[in-house]
Structures are given as C-alpha cells and as structure tokens.
**Student:** 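Below: one structure in structure tokens.
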Amino acid sequence: LCPCLLYGAYVFLPFDAPLLPTLGARLVYTLRCAAFATFPIVLGMIVSGISRLCSSALEPFGELQQEVEIHSTYVSQSVHLFILYFFNMAVLATYLPQEVLKLIPLLTALFAVSRLIYWLSYAVGCSFRAFGFSLSFLPLLAMLLWNLYSMFSLEPQQLLA
C-alpha cells in the first residue's frame, strides 16, 4: 500500500520541489520538511502531559495508569522512529536526482499520517495498529535499502569521502 500511496501522491499532487543544486540546499530542504514530521510527536507529548496531570495517581512519578502509559509509549516509539527516518531521509536527499526530490515532503507526510493512525489505533486498542506501524516502518526500510545500495553500488569510490 505504501508504494501505491506514494505513487498516487507523486503523480496527482500538483507541486514540485524547488531547484536544489547543492548538497547543503538539499539537506536544509530535508530539515525543513522533517520539522512537519514532528507534529504528531509534539501532539503526543502534549496529550501525555495532560493525561499525566489528570491522572488519579497519588505519586506523579510512580506506576503509570494505562491511559498515561499508552501516550508515553507512543511518544517514545515515535521519537525513535523519527530519528531513524530523518537520518535516512537526509541521506536519501543527497542521492536523489532533482526530478524526484518531490518524494522528500511526500515521505514526511506519510510518516506523520502513519504515526497518527498508529496512535489512534493504539489508544483504541485494536489490532489495526500494525497497519499504522507498517506505514511508517516499511518506507523507512525501503529508504535504508536504497541508501545502502546507493552508497555501495552507485558511488563505491566515495563511500567514506
């Protein structure tokens, strides 16, 4: 489903990436796009803080109730995935040709939406959360494989340069 969503958005959404001729410009563009991917994480932190404040626990740092633990776990997992996602997206931006740089904001949007789907299904308690997790993890895996392929096959002489 991830390739179909990305392909459909790539073909049918009417925007293009700006002209980014230098490596620094591509990394700044990726950094700006990645700022939008932090929205679900910050929202999760806010909800986690509110649920911790409204909790009926006597000890604020003691054992967490289930509704507080759900949001804390979501934030923790999302931060870990975002770090991996961001580093892979930054490397990906250095290898993509100019015509395909439209994928960077599309991958960012896919990450943000998939984390929100995961959080909603995790809070409800249904087994649909595997769908949200796979929407964020499988593109990460594909980016990692493409980055490794690009490093070792396309430019092996500049691997450490």
Side-chain angles (χ1 to χ4, degrees), residues 1-49 70-124 126-161:
L1 187 61
C2 290
C4 294
L5 287 173
L6 283 174
Y7 179 75
Y10 185 83
V11 170
F12 295 115
L13 288 179
F15 76 93
D16 287 325
L19 185 61
L20 303 168
T22 65
L23 185 64
R26 289 173 179 234
L27 291 177
V28 168
Y29 181 68
T30 303
L31 184 65
R32 289 178 181 168
C33 287
F36 290 103
T38 61
F39 173 73
I41 299 170
V42 172
L43 187 63
M45 288 177 173
I46 291 170
V47 171
S48 177
I70 285 173
H71 304 302
S72 298
T73 304
Y74 162 75
V75 169
S76 172
Q77 290 175 356
S78 294
V79 166
H80 295 144
L81 270 177
F82 173 75
I83 291 169
L84 292 171
Y85 215 83
F86 173 71
F87 282 121
N88 275 290
M89 227 175 13
V91 172
L92 182 69
T94 63
Y95 286 114
L96 287 178
Q98 175 64 39
E99 308 83 48
V100 191
L101 279 178
K102 185 178 178 179
L103 278 177
I104 299 297
L106 293 177
L107 286 168
T108 303
L110 179 66
F111 177 79
V113 169
S114 66
R115 292 315 296 166
L116 289 173
I117 290 171
Y118 175 78
W119 186 23
L120 180 67
S121 60
Y122 189 52
V124 172
C126 66
S127 61
F128 190 64
R129 68 179 183 231
F131 175 72
F133 179 77
S134 66
L135 272 180
S136 55
F137 181 72
L138 294 177
L140 170 68
L141 189 62
M143 283 190 293
L144 176 65
L145 293 175
W146 175 257
N147 290 338
L148 290 174
Y149 168 76
S150 298
M151 281 190 263
F152 291 116
S153 295
L154 298 179
E155 296 179 351
Q157 69 278 7
Q158 296 180 352
L159 182 63
L160 299 176

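Computation of the quantities below employed the complete heavy-atom set of this structure, encompassing side-chain atoms and omitting hydrogens, waters and symmetry-equivalent molecules.
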**Student:** Distance-only check: which donor-acceptor pairs under 3.5 Å involve side-chain atoms of residues 101-108, not counting sequence neighbours?
**Tutor:**
residue: Lys102; atom: NZ; partner: Tyr10; partner atom: O; Å: 2.7
residue: Lys102; atom: NZ; partner: Leu13; partner atom: O; Å: 2.7
residue: Lys102; atom: NZ; partner: Phe15; partner atom: O; Å: 3.2
residue: Thr108; atom: OG1; partner: Ile104; partner atom: O; Å: 2.9

**Student:** Heavy-atom distance under 4.5 Å between the side chains of Phe111 and Pro139, does that happen here?
**Tutor:**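 Answer no - side chains too far apart.
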
**Student:** May I ask you to decide if Leu140's main-chain N or O and Asn88's side chain share a donor-acceptor pair within less than 3.5 Å?
**Tutor:**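 No; zero donor-acceptor contacts below 3.5 Å.
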
**Student:** Which word best sums up how the rings of Phe133 and Phe137 line up, parallel for under 30°, tilted for 30 to 60°, or perpendicular for over 60°?
**Tutor:**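 Phe133 vs Phe137 ring planes: parallel.
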
**Student:** Taking only residues two or more places apart in sequence, or in another chain, which ones meet Pro97 in a side chain to side chain contact (heavy atoms under 4.5 Å, CB included)?
**Tutor:**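 Partners of Pro97 by the side chain to side chain contact (heavy atoms under 4.5 Å, CB included) criterion, ordered by chain and then number, come out as Glu99, Val100.
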
**Student:** To the nearest 0.5 Å, how far apart are OG in Ser78 and OH in Tyr85?
**Tutor:**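 Answer for the OG-OH pair, Ser78 versus Tyr85, is 12.5 Å.
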
**Student:** Taking only residues two or more places apart in sequence, or in another chain, which ones meet Ser134 in a side chain to side chain contact (heavy atoms under 4.5 Å, CB included)?
**Tutor:**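 In terms of side chain to side chain contact (heavy atoms under 4.5 Å, CB included), with neighbours along the sequence ignored, Ser134 is linked to Leu138.
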
**Student:** For Arg26 and Leu20, indicate whether the former's side chain and the latter's backbone hold a donor-acceptor pair under 3.5 Å.
**Tutor:**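 Yes; judged by distance alone, with no hydrogens or angles, the pair exists.
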
**Student:** CE/Met143 to OH/Tyr95 distance, rounded to the nearest 0.5 angstrom?
**Tutor:**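 Rounded to the nearest 0.5 Å, the CE-OH separation comes to 15.0 Å.
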
**Student:** Supply the atom-to-atom distance Leu92 CG to Trp146 CH2, rounded to the nearest 0.5 angstrom.
**Tutor:**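 These two atoms lie 8.5 Å from each other.
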
**Student:** I'd like to check the side chain to side chain donor-acceptor pair (under 3.5 Å) partners of Ser76; sequence neighbours left out, ordered by chain and number.
**Tutor:**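 Ser76 satisfies side chain to side chain donor-acceptor pair (under 3.5 Å) with no residue once adjacent residues are dropped.
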
**Student:** Per the side-chain hydrogen bond (donor to acceptor under 3.5 Å, both in side chains) rule, what does the pair list look like for residues 135-144, sequence neighbours excluded?
**Tutor:**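 Qualifying pairs, neighbours excluded: Arg115-Ser136.
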
**Student:** Do Tyr122 and Trp119 have ring centres separated by under 6.0 Å?
**Tutor:**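 So the answer is no for these two rings.
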
**Student:** Show me the side-chain donor-acceptor pairs of residues 32-48 shorter than 3.5 Å, one per line, residues at least two apart or across chains.
**Tutor:**
residue: Thr38; atom: OG1; partner: Ala35; partner atom: O; Å: 2.6
residue: Ser48; atom: OG; partner: Ser72; partner atom: OG; Å: 3.3

**Student:** Below 4.5 Å, heavy atoms only, C-beta onward: do Leu135 and Val113 meet side chain to side chain?
**Tutor:**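 Not touching, per the 4.5 Å side-chain cut-off.
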
**Student:** Looking only at heavy atoms, which two atoms of Gln98 and Leu19 are closest? And how far apart?
**Tutor:**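 Scanning both residues completely, I find the closest heavy atoms to be NE2-CA, 3.6 Å.
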
